[in-house]
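First comes the structure, then the notes that go with it.
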Amino acid sequence: MQTQTVNIFRARKAAAPASPSGTARRWSVDEVVELFKLPFADLLYHAQQIHREHFDPNAVQLSTLLSVKSGGCSEDCGYCPQSAFHSAGVEDQAMLQLKTVVQAARAAQEKGADRFCMGAAWREPSDAELASVVEMVKAVRDLGMETCATLGMLREEHVAQLRAAGLDYYNHNLDTAPEFYGEIITTRDYQDRLDTLERVRRAGINICSGGIVGMGETLAQRAGLIAQLANLDPYPESVPINNLVKVEGTPLENTPDLDPLDFVRTVAVARITMPKARVRLSAGRQQMSDAVQALCFLAGANSMFYGDQLLTTGNPDIEHDRALLDKLGMYPVAENK
Ligand code: SAM
Ligand code: DTB
Ligand code: SF4
């Protein structure tokens, strides 16, 4: 086992170091599998070393989510309560008013969030829908918060409009490995997602892209997702790692639980392969103990979704999260400027 550890990291050192823009060496899926198989202590030690080379290990970036348009989505993503193909009880709702969005952003900022992420249950926005989101982005930016949006696939002109509005990040997840993708989503393909990411990257908007674990994927498929993300050139600035939230009425509601230590391993492998990215604890924290979350921070997580709601499902209470950060001696980046 010791030999294996040395080899993996020798390979890493021999390769070109990450550039300031997050360009790094290419990772084969086999190499990423080897990382996953390291003894737990070795894996966390290496992740922690890399984390400390690039970040203050006690500062955590806090993003608050708001669903600006919920339900009735025309995609069939097997995990998602907002798909019109499933019966998870999320109604097709109208888009929120601008003032409601600004109110929510201001409240999140007062609670210590530095980034506000607006999500919509769309395959892709129409011109009119995009125009409304542009107004939301401008208004949230005027509060002095970083902005993020997740609206599905984007055409060139929509990317340009978001860029002109000053959007800081666009979230669009690869979700899983290409080999497993077709078992989860059939209404759009992997290449569609890569194409949207490419357009966003070319426009100069930061990329937030990650995936979901615990959907019944194999270890090699979990490694395949990380390899895909790490091999984007440059890799995403922000990498949300979601643990499947099993919502009743979705096809994945009865998927067996992922071992929490495998979630921690995924975070560590993301940190090692994408050294300068913000690795975010995303969906699934409400079902996770404080001890597992603490291990995730040790493994290199330095961001989380913060606020009592994700999009349509719950998240730990703000009070609980603040108590957890205090217990760990950690602080939000917004309060450490
Ligand atoms: N409709 C847009 C899209 O799919 O890109 C934006 C919103 S969509 C809800 C954003 C992401 O939320 C998905 O890509 C998926 O990674 C995550 N997500 C949705 N439902 C989830 C669940 N039940 N558990 C974990 N993550 C989930
Ligand atoms: C991401 O990777 N996870 C967030 C955000 N990006 C948009 C969404 C999680 C959604 C969990 C299910 C729900 O609340 O509807
Ligand atoms: Fe629609 Fe996004 Fe949910 Fe897929 S993940 S069903 S695209 S809201």
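Taken together through direct or relayed side-chain contacts under 4.5 Å among Ile, Leu, Val, Met, Phe, Trp and Tyr, V292 and V245 form parts of separate hydrophobic clusters. M153 and L229 fall into different hydrophobic clusters, defined by Ile, Leu, Val, Met, Phe, Trp and Tyr side-chain heavy atoms under 4.5 Å apart, directly or through other members. By the criterion of side-chain heavy atoms lying less than 4.5 angstrom apart, applied directly or through intervening Ile, Leu, Val, Met, Phe, Trp or Tyr residues, L295 is grouped together with V213 in one hydrophobic cluster. Residues Y190 and Y170 are members of one and the same hydrophobic cluster, defined by side-chain heavy-atom contacts under 4.5 angstrom among Ile, Leu, Val, Met, Phe, Trp and Tyr.
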- Query: side chain to side chain donor-acceptor pair (under 3.5 Å) between N302 and Q61: does it pass, once the steps are laid out?
  - Reply: CA-CA 6 Å; N302 59 358; Q61 187 273 318; over 6 Å; no
- Task: Apply side-chain contact (heavy atoms from CB on, under 4.5 Å) to the pair V247 and Y79, showing each step before the final yes or no.
- Result: CA-CA 8 Å; V247 183; Y79 48 75; over 6 Å; no
- Query: Checking side chain to side chain donor-acceptor pair (under 3.5 Å) for the pair E129/S126: CA distance, chi angles, key distance, verdict?
  - Reply: CA-CA 5 Å; E129 288 164 344; S126 67; 3.2 Å; yes
- Query: After noting the C-alpha distance and the side-chain angles of R141 and D168, does the key distance pass the side-chain contact (heavy atoms from CB on, under 4.5 Å) rule?
  - Reply: CA-CA 9 Å; R141 258 198 128 219; D168 296 294; 3.9 Å; yes
- Item | Residue pair V267, F297: steps toward the side-chain contact (heavy atoms from CB on, under 4.5 Å) verdict | CA-CA 9 Å; V267 169; F297 291 127; over 6 Å; no
- I would like to know whether L197 and S209 meet side-chain contact (heavy atoms from CB on, under 4.5 Å); could you show each step before the answer? CA-CA 8 Å; L197 290 178; S209 187; 3.7 Å; yes
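With S282 contributing its side chain and R280 its backbone, the two residues share a donor-acceptor pair below 3.5 Å. In this structure a side-chain-to-backbone donor-acceptor pair under 3.5 Å is present from T150 to N171. Although no hydrogens or angles enter the test, the distance criterion places no donor-acceptor pair under 3.5 Å between the side chain of R52 and the main chain of D56.
Taking 4.0 Å as the cut-off between side-chain N and carboxylate O, R202 and E156 count as a salt-bridged pair. The pair R188-E75 meets the salt-bridge criterion, with a side-chain N (NZ, NE, NH1 or NH2) lying under 4.0 Å from an Asp/Glu carboxylate O. Between R201 and E237 there is a salt bridge, with a side-chain nitrogen of the basic residue lying less than 4.0 Å from a carboxylate oxygen of the acidic one. Between D259 and R265 there is no salt bridge, since no side-chain nitrogen of the basic residue lies less than 4.0 Å from a carboxylate oxygen of the acidic one. A salt bridge links E335 with R322: the closest approach of a Lys/Arg side-chain nitrogen to an acidic carboxylate oxygen falls below 4.0 angstrom. Classification of K69 and D92 as a salt-bridged pair holds, one side-chain N sitting under 4.0 Å from a carboxylate O. With salt bridges taken as basic N to acidic carboxylate O contacts below 4.0 Å, one links R25 and E31.
Atoms CD and CD, on E146 and Q109 in that order, are 11.5 Å from each other to the nearest 0.5 Å.
Pairing each heavy atom of Q82 with each of A121, the nearest pair is OE1-CB, 3.3 Å. Closest heavy-atom contact between V333 and A59: CG1-CB, 4.0 Å.
N315 meets the side-chain contact (heavy atoms from CB on, under 4.5 Å) test with R285, F305, L310; sequence neighbours excluded.
When the shell of 6.0 Å around CD of E157 is examined, it contains more than 12 heavy atoms from other residues, nucleotides or ligands.
Defined by atom type and a distance below 3.5 Å, a donor-acceptor pair is missing between the side-chain atoms of D76 and H86.
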